[in-house]
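All figures in this text were calculated on a predicted structure; none of them were measured in a lab. Each residue takes its place number in the sequence, starting with 1.
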Amino acid sequence: MRRVRGGWVRGLNGYVNRDNKIMVNTTAQIPITDILIDNTIYPREKIDPKRIGIFAENIRDGFRFDPIEVQPHPEKPGKYRILDGVHRWNAYKSTGVTELEVIIKDLDGVDPLLYAATKAIGPRQLTEEETRNTARRAYQNNPKLTSSEIGKAIGRARRTVDSYIADLRAAIRMDLEIKIFRMNRLGVPQDRIANRLGIPQQTIADHLPKKAVLPNPVKADLSRGFTVPQVAEKHGWTEPMVWSIALEGKPDLVRFKELNWGLRTWDLWEWNDCDRRFGDDWPGRIPAQLIAHILYYFSNQNDLVFDPMGGGGVTPDTCLALGRKCWSLDMIVRPDIRPEIEPYYWDEKGNFESASTSNPFPLNSKEKPNLIIFDPPYFDKKAKSYDKKSISMLPKKEYLAFFEGFLAWLRRKVKKTTRLAFINANWRDFQNTPAIEEHPEEAILIFEYHKIFHKTGWQPTHVIQAPMSSERFHAGVVAAMQKKKILGVTSRYIIVLKTK
Ligand SMILES: C[S@@+](CC[C@H](N)C(=O)[O-])C[C@H]1O[C@@H](n2cnc3c(N)ncnc32)[C@H](O)[C@@H]1O
């Protein structure tokens with residue numbers, strides 16, 4: 001730790017005071033190597049070497065410049081990025097200075113690129129090209145900025161900014177229209193769509209009348225005989241969205257046929273592969289065919305499905321294809337690719353309607369789900385694929401306690417006829433251990449959940465086997481397992497429950 005002026009010390013993430021608060025809007029002396037240029041917030045096209053040369057000469061002559069302005073670097077802990085003073089910083093570097101007086105700014109929500117642009121228009125005007133590019137970059141980073149906000153920062157009239165960004169605005173509006181359309185089709189209420197997309201509810205209301213005509217070009221291309229992938233590509237829609245239009249009004253069985261999914265009649269559902277058209281590559285991805293079978297047997301068209309841990313989006317995608325509504329949530333937030341998966345963290349301490357989340361809480365609305373598809377991450381102390389706060393990281397006792405709390409609470413939130421499809425597997429730490437040496441206290445077998453269902457007011461009605469494919473294991477691995485008497489796990493079950 002290095003002591004700097006005013007009692008601030010160098011901590012892991014930057015300069016901090018004795019209360020460990022990162023210092024901002026104060027002057028500090030920091031190593032020049034901790035200061036970086038970040039091109040994403042630099043408004044000029046290039047750095048002017050002549051200007052640097054003049055500044056360097058001034059410095060050697062003993063001239064003192066104003067301190068440069070920086071902010072803590074959002075991606076590089078302990079480093080700072082320059083908001084204003086790139087030429088001065090370069091000049092100081094070229095004269096061999098190792099520490100520099102800086103002002104560490106807290107921009108308090110102001111867009112850093114626009115702040116940098118405001119600073120840049122003072123001493124030497126930005127060129128026309130730089131001004132235009134800055135406006136466009138600022139808008140692309142944050143489409144919520146208005147033209148006058150951008151205009152103020154770059155010293156241009158609102159109308160000039162409008163002309164700089166007209167094409168971007170049109171593209172984003174189109175995107176937004178598709179997002180609204182998609183969430184609406186999945187039955188997400190207007191207030192939650194507005195909240196999720198960060199736009200006023202009135203905008204959603206204005207968009208909805210267009211809902212009837214938006215699919216027309218898609219329908220026209222489908223009727224001309226173009227395939228679903230072709231139409232999806234042409235219109236910038238996802239395939240499941242196009243399927244939802246292509247299969248509109250058709251019964252489930254016809255939909256299965258057109259999607260090329262053979263319908264399983266017995267309680268063993270087995271597939272070698274996930275259907276790549278539905279859902280994203282995601283740890284623990286389940287086949288869309290599996291979701292489709294749950295939907296077919298345990299729900300009807302237009303029913304509402306609740307998907308509390310939505311992950312890669314297989315459930316909402318399959319719901320689109322089979323004409324179900326779907327409310328999907330996950331702790332991982334991907335607003336651009338998956339607007340329909342609303343951010344929600346199920347607090348492991350059992351505070352499930354935590355005020356910490358900004359989203360309106362879905363299960364408090366009047367409409368209750370007909371079916372819940374609950375596909376939690378399996379228990380695995382070693383699971384590195386999920387977020388640190390995922391329930392898969394919990395020790396066994398806490399992991400099971402989470403389910404007990406969650407299922408008891410869920411039971412109080414649903415209606416009498418709601419069905420729950422719980423997807424889980426036997427978990428045994430078989431990886432390097434001969435079967436006979438495994439420690440059962442480290443395992444969670446599917447029976448353990450049965451006690452929880454009983455305690456929390458859920459009654460199992462069906463147990464369906466839907467094993468994971470063993471084809472994912474390499475032949476060499478299989479041979480080694482056989483030699484060491486390791487007994488692998490491919491079991492996976494869907495336990496369907498009704499309220500008691
Ligand atoms: C098995 S994955 C779901 C996969 C999904 N059905 C699919 O096929 O793409 C489980 C999901 O639960 C989420 N998750 C884990 N703990 C959570 C929590 N406490 N709150 C919200 N989501 C959580 C993870 O981020 C992960 O995406």
Side-chain angles (χ1 to χ4, degrees), residues 181-189 192-193 196 238-241 243-244 247-248 250-253 255-256 259 261 263 269 274-275 277-280 282 284-330 338-344 346 352 359-376 406-407 409-424 458 461-462 464 466 494-499:
F181 183 73
R182 179 184 174 105
M183 292 178 80
N184 183 261
R185 209 160 168 89
L186 285 166
V188 181
R192 291 200 344 244
I193 301 183
R196 175 70 170 131
T238 62
E239 274 195 46
M241 280 286 295
W243 277 114
S244 86
L247 299 175
E248 207 161 28
K250 301 194 174 164
D252 281 354
L253 278 178
R255 295 184 189 231
F256 264 74
L259 288 159
W261 294 334
L263 185 68
W269 300 347
C274 289
D275 186 326
R277 298 171 296 178
F278 299 85
D280 311 320
W282 197 260
R285 177 189 198 166
I286 33 177
Q289 304 90 307
L290 184 156
I291 297 291
H293 276 71
I294 300 177
L295 294 179
Y296 180 75
Y297 286 110
F298 299 103
S299 74
N300 295 307
Q301 288 192 17
N302 293 320
D303 274 0
L304 174 63
V305 177
F306 182 56
D307 175 32
M309 294 193 178
V314 173
T315 302
D317 277 357
T318 313
C319 283
L320 280 170
L322 292 193
R324 270 69 171 172
K325 293 187 278 179
C326 179
W327 296 350
S328 189
L329 314 178
D330 202 279
R338 287 281 171 193
E340 75 277 23
I341 304 186
E342 298 171 76
Y344 209 88
W346 301 107
F352 298 121
N359 249 17
F361 182 69
L363 290 191
N364 283 346
S365 58
K366 262 200 225 124
E367 193 176 3
K368 302 285 177 207
N370 304 89
L371 172 68
I372 300 167
I373 298 188
F374 185 24
D375 178 29
F406 188 71
L407 292 176
W409 168 85
L410 200 58
R411 168 69 190 81
R412 295 195 294 274
K413 290 283 158 192
V414 298
K415 52 185 178 184
K416 252 181 128 182
T417 51
T418 302
R419 291 283 175 140
L420 167 66
F422 177 74
I423 306 172
N424 217 305
W458 291 98
T461 59
H462 301 78
I464 299 147
I494 302 154
I495 303 177
V496 181
L497 304 121
K498 70 184 211 21
T499 59

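With R277 contributing its side chain and D275 its backbone, the two residues share no donor-acceptor pair below 3.5 Å. Judged by distance alone, with hydrogens and angles left aside, the side-chain atoms of D280 form no donor-acceptor pair with the main-chain N or O of W282 at under 3.5 Å. Using a distance-only test at 3.5 Å, with no hydrogens or angles considered, no donor-acceptor pair links the side chain of R192 to the main chain of W327. With T315 contributing its side chain and G310 its backbone, the two residues share no donor-acceptor pair below 3.5 Å. Checked by atom type and distance alone, the side chain of T318 never pairs as donor or acceptor with a backbone atom of A292 at under 3.5 Å. Using a distance-only test at 3.5 Å, with no hydrogens or angles considered, no donor-acceptor pair links the side chain of R285 to the main chain of C274. A donor-acceptor distance shorter than 3.5 angstrom exists from the side chain of R324 to the backbone of L295, with no hydrogens or angles considered.
The side-chain heavy atoms of V414 and L420, taken from C-beta on, include no pair separated by under 4.5 Å. Residues V305 and I291 have side chains not in contact (no heavy-atom distance under 4.5 Å, counting atoms from C-beta outward). Between N364 and K413, the closest side-chain pair of non-hydrogen atoms falls below 4.5 Å. Counting heavy atoms from C-beta on, the side chains of I494 and F422 never come closer than 4.5 Å. Contact check for F406 versus P376: no side-chain heavy atoms found under the 4.5 Å cut-off.
When all heavy atoms of L329 and P362 are compared, the pair lying nearest together is CD1-CG, 3.9 Å. Here the closest non-hydrogen pair linking R196 and I341 is NH2-O, 2.9 Å. Scanning both residues, L247 and A321, for their nearest heavy atoms gives CD1-O, 3.5 Å. Listed here is the closest heavy atom pair of C319 and L186: CB-CD2, 4.2 Å. The shortest non-hydrogen separation linking V188 to C326 is CG2-O, 4.2 Å. The minimum heavy-atom distance between F256 and L263, with the atom names listed, is CE2-CD1, 3.5 Å.
Ion pairing between R338 and D330 fails under the 4.0 Å rule for side-chain N and carboxylate O. In this structure, E248 does not pair ionically with K250, as no charged nitrogen and carboxylate oxygen lie closer than 4.0 Å.
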Problem - N424/I495 under side chain to side chain contact (heavy atoms under 4.5 Å, CB included): CA gap, chis, key distance, verdict - result: CA-CA 8 Å; N424 217 305; I495 303 177; over 6 Å; no

Exercise for the section: Any chance you could lay out the side chain to side chain contact (heavy atoms under 4.5 Å, CB included) test for L320 and E340, step after step, and finish with the verdict? Expected result: CA-CA 11 Å; L320 280 170; E340 75 277 23; 5.8 Å; no

Exercise for the section: Please step through side chain to side chain contact (heavy atoms under 4.5 Å, CB included) for the pair V314 and D375, ending with a clear verdict. Expected result: CA-CA 11 Å; V314 173; D375 178 29; over 6 Å; no

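Residue pairs meeting the salt bridge (Lys or Arg N to Asp or Glu O under 4.0 Å) criterion with at least one partner in residues 364-374, sequence neighbours excluded, are K325-E367.
With values rounded to the nearest 0.5 angstrom, D317 atom CG is found 9.5 Å from S328 atom OG. Rounding to the nearest 0.5 Å gives a distance of 10.0 Å between CZ of F298 and CG of L497. The structure places CG of L371 at 10.5 Å from OG1 of T417, a figure rounded to the nearest 0.5 Å. With values rounded to the nearest 0.5 angstrom, I373 atom CD1 is found 7.5 Å from I286 atom CD1.
Using a 3.5 Å distance cut-off with no hydrogens or angles, the side chains of T238 and R182 do pair a donor with an acceptor.
Between W409 and F352, the angle of the ring planes lies from 30° to 60°, which puts this pair in the tilted group. The aromatic rings of W269 and Y297 sit parallel, their planes meeting at an angle under 30°, below the 60° perpendicular limit. Ring-plane geometry between W346 and F306 is classed as perpendicular, the angle between the planes exceeding 60 degrees on a 0 to 90 degree scale with a lower cut at 30.
Checked against side-chain contact (heavy atoms from CB on, under 4.5 Å), N370 has the following partners two or more places apart in sequence or in another chain: D303, L304, K415.
Under the 6.0 Å cut-off for aromatic ring centres, F278 and W261 qualify, their centroids lying closer than that.
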